[in-house]
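These numbers come from a predicted model, not from an experiment. Side-chain atoms are counted along with the backbone in the values below, which use heavy atoms only and exclude waters and symmetry mates.
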Amino acid sequence: MASRILVVEDEVAIRDMLCFVLEQHGYESIEAENHEKALEGLKEPYPDLILLDWMFPGGSGIKLLQHLKQDEILRQIPVVMLTARGEEEDKVRGLENGADDYVTKPFSPKVLMARLKAVLRRVNPTSLDDSLEVGPLKLDPVSHRASISDEALSMGPTEFKLLHFFMTHPDRVYSREQLLNNVWGTNVYVEDRTVDVHIRRLRKALLDHEGLVQTVRGAGYRFSTRS
């Protein structure tokens, strides 16, 4: 599934160029030319990354960053600041307010894409085919096997996909709709509450380690070894 990138940029030519480059590299772009449109783009299904201009009508990059960091789910979305401001103190201000990286205009599309991909790798560093290990829990997506302390786990294909997604995205909160989009796919119609059913089945399959899949009241679910 293509990563969704929210592009917050008020200059039409730059925004069009960014969206074109993103789509050429297999990403899905969402355009926002002002603060109001940016907020509209922060609804489910949430973007996987935000390209954020420093100044735009109705607000600023810093203002939007501060809004993101006050929300349990939105604060987890990585942000790359994109601006003509090159002064060191402005870069520091952006990073201190939660930006993950900073690209100064004018920029090379190749450099921008390299920085964007690097941020996405930091957020989700694991290849889909890599074996995963969290404490005594192991999962091998190639052989489709999961075990705890070398004891094989029995679970259905949906629970396996759900566990794989959780293990590649630890300590992040996901709403039911986000899980549906990432595990079931956007082209499949499934009721939100179906997620709850599969979460219960996954917890049962995890035997005495069901606490790894945690309910975050009012937000969704999180996979974590920390209570």
Mind checking what makes side chain to side chain donor-acceptor pair (under 3.5 Å) contact with [X], not counting sequence neighbours?
X    : answer
H198 : E159
Q66  : N97
E31  : R15

Looking only at non-hydrogen atoms, find the nearest pair between [X] and [Y] and report the distance.
X    : Y    : answer
Q178 : V173 : OE1-O, 3.9 Å
V21  : P109 : CG2-CB, 4.1 Å
M155 : A205 : CB-CB, 3.9 Å
P47  : I30  : CB-CD1, 4.4 Å
H209 : P136 : NE2-CG, 3.6 Å
S175 : Y46  : OG-CE1, 4.3 Å

Qualifying residues under salt bridge (charged side-chain N to carboxylate O under 4.0 Å, His left out), relative to E40, sequence neighbours excluded: K37
Partner set under salt bridge (charged side-chain N to carboxylate O under 4.0 Å, His left out) for K138, not counting sequence neighbours: D150
Trace of the side-chain contact (heavy atoms from CB on, under 4.5 Å) decision for L6 with I77: CA-CA 10 Å; L6 174 61; I77 302 173; over 6 Å; no
Within the 4.5 Å heavy-atom criterion, are [X] and [Y] side-chain neighbours or not?
X    : Y    : value
L42  : L64  : yes
Y27  : L49  : no
V195 : V183 : no
T215 : I199 : no

Residues in side-chain contact (heavy atoms from CB on, under 4.5 Å) with [X], at least two apart?
X    : answer
P57  : D10, N34
S154 : none
V92  : E88, E96

Neighbour count above 12 (heavy atom, 6.0 Å) for F20 CZ: no
[X]: partners by ring-ring contact (aromatic ring centres under 6.0 Å, His included), with sequence neighbours left out:
X    : value
H67  : none
F165 : H169, Y174
F166 : none

Is a side-chain N or O of [X] found less than 3.5 angstrom from the main chain of [Y], in a donor-acceptor match?
X    : Y    : value
E9   : E11  : yes
Q214 : S224 : yes
D140 : S131 : no

Single-linkage hydrophobic cluster V197~L179, side-chain heavy atoms < 4.5 angstrom: no
Hydrophobic cluster identity match, L163 and L207, side-chain contacts under 4.5 Å: yes
Pairs involving residues 195-206, ordered by first then second residue, that meet salt bridge (Lys or Arg N to Asp or Glu O under 4.0 Å) (sequence neighbours left out): R176-D196, R193-D196
